[in-house]
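Not measured: the values here are computed from a predicted model. All ligand and atom numbering here is 1-based and tracks the order in the structure.
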Amino acid sequence: MLSMRHLSKAYHTDTIKTQALQPFDLTIEQGEFVAIIGPSGSGKTTFLNITGLLEDFCEGSYELDGVNVEHLSDKAKSKLRNEKVGFIFQSFNLIPELTLYDNVDMPLRYRKLSSKERHERIMDALGKVGLASRRDHYPAQLSGGQQQRVAIARAIAGKPSFLLADEPTGNLDSKMAEGIMALLEDINAQGTSIVMVTHDPNQAARAQRVIEIRDGILSEGKRIEKAIA
Ligand code: ADP
Ligand code: ADP
């Protein structure tokens, strides 16, 4: 789970201060599926980047799976990020020169895993997204929907607690978008928490919780109790 208390973020450029996020409290339990909505420039990406330890916050405290991130060194933060968080982006962010297999391997290289364990995780993740047979292909040989599936494989191969997705279907047609949503719901059902920025009200409606950000102010929408299967 993650717990943020009185967290806030401001950017300072020259003499200009932009309060990207006003102080807020937020707890996300293990296994939740949270949608983040709000207009452009409202602070959604900033929120996601702070959550994923890609960016520092200014005031307040943040605990990720019981670890207070405030006083961690950059190295310790990278390690925690690598172990706990998987990222998915609108533009897939795959490395064109690497095969699907090597793309999924990228974040695992920084982990203390045996090569056997790494191989199993890569094939397992590629299998989960239905692309194991394409392991030696390159991203450009795939459709957009398939590329995003590889990005999801890369994100889940590390067995993260949290999957953070920044408009994961923003570059996809509605059919491929539906496939990606179904895949994310599947991953969530297996216990991985998902925090997803989306502009699509239908997608937001499928999350258990909707958090809206406007002018840096977080407010909570509906909250649905998850049915225990
Ligand atoms: P969203 O993802 O909702 O479009 P962002 O989190 O990207 O919003 O941006 C929130 C606010 O913070 C905007 O006013 C944006 O201009 C500002 N901002 C974001 N990143 C930076 C940065 N690196 N330096 C200065 N200002 C930034
Ligand atoms: P999806 O199943 O994700 O909807 P498409 O219907 O777009 O994929 O693609 C069907 C097939 O065509 C896939 O096997 C894919 O690998 C291939 N394909 C799609 N786009 C390209 C491309 N730009 N270059 C090479 N192959 C492609």
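No donor-acceptor pair under 3.5 Å is formed between the side chain of T169 and the backbone N or O of L172. In this structure, the side chain of N188 engages the main chain of G31 through a donor-acceptor pair within 3.5 Å. The main-chain N or O of G191 is found under 3.5 Å from a side-chain atom of Q30 such that the two form a donor-acceptor pair. Side-chain atoms of Q148 come within 3.5 Å of backbone N or O of F89 as a donor-acceptor pair.
Checking only distances, G41 does come within under 3.5 Å of ligand 1, N or O to N or O. Geometrically, ligand 1 and T13 share no nitrogen or oxygen pair separated by less than 3.5 Å. For ligand 1, the polar-atom distance check against A20 finds no nitrogen or oxygen pair separated by under 3.5 Å.
Ion pairing between a basic and an acidic side chain is recognised when a charged N comes within 4.0 Å of a carboxylate O; D186 and K128 show no such pairing.
Across all non-hydrogen atoms, the minimal contact from R135 to T99 is O-CB, 3.5 Å.
In this structure, atom 13 (C) of ligand 1 has protein heavy atoms in its sub-4.0 angstrom surroundings. Distance check for atom 16 (O) of ligand 1: every protein heavy atom is found at 4.0 Å or beyond.
Remark: ligand 1 atoms within the under-4.0 Å shell around heavy atoms of S42 are 1 (P), 3 (O), 8 (O). Of all the atoms in ligand 1, the ones that sit under 4.0 Å from a non-hydrogen atom of S40 are 4 (O). Atoms of ligand 1 lying under 4.0 Å from at least one heavy atom of K44, given by number and element, are 1 (P), 2 (O), 3 (O), 4 (O), 6 (O), 8 (O).
For the pairing with D105, the salt bridge (Lys or Arg N to Asp or Glu O under 4.0 Å) check across R118, R121, R111 returns one residue only, R118.
Ranking the protein heavy atoms by distance from atom 27 (C) of ligand 1 puts Y11 CD1, 3.2 Å first. Among protein heavy atoms, the minimum distance from atom 8 (O) of ligand 1 is reached at G43 N, 3.1 Å. Counting only heavy atoms of the protein, atom 7 (O) of ligand 1 lies nearest to T45 CB, 3.8 Å. Atom 9 (O) of ligand 1 has its closest protein heavy atom at T46 OG1, 3.9 Å.
Residues forming a salt bridge (Lys or Arg N to Asp or Glu O under 4.0 Å) with K44 (at least two apart in sequence, or on another chain): none.
G38 does not count as a contact of ligand 1, since none of its heavy atoms falls under 4.0 Å from the ligand. Using a 4.0 Å cutoff on heavy atoms, P39 counts as a contact of ligand 1.
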Side-chain donor-acceptor contacts of residues 67-75 below 3.5 Å, not counting sequence neighbours, with atom names and distances?
from : atom 1 : to  : atom 2 : distance (Å)
N68  : OD1    : E70 : N      : 3.0
S73  : OG     : A76 : N      : 3.1

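By the 4.5 Å heavy-atom criterion applied to side chains, K84 and P160 are not counted as neighbours.
The proximity of T18 to ligand 1, defined as any non-hydrogen pair under 4.0 Å, is limited to the side chain.
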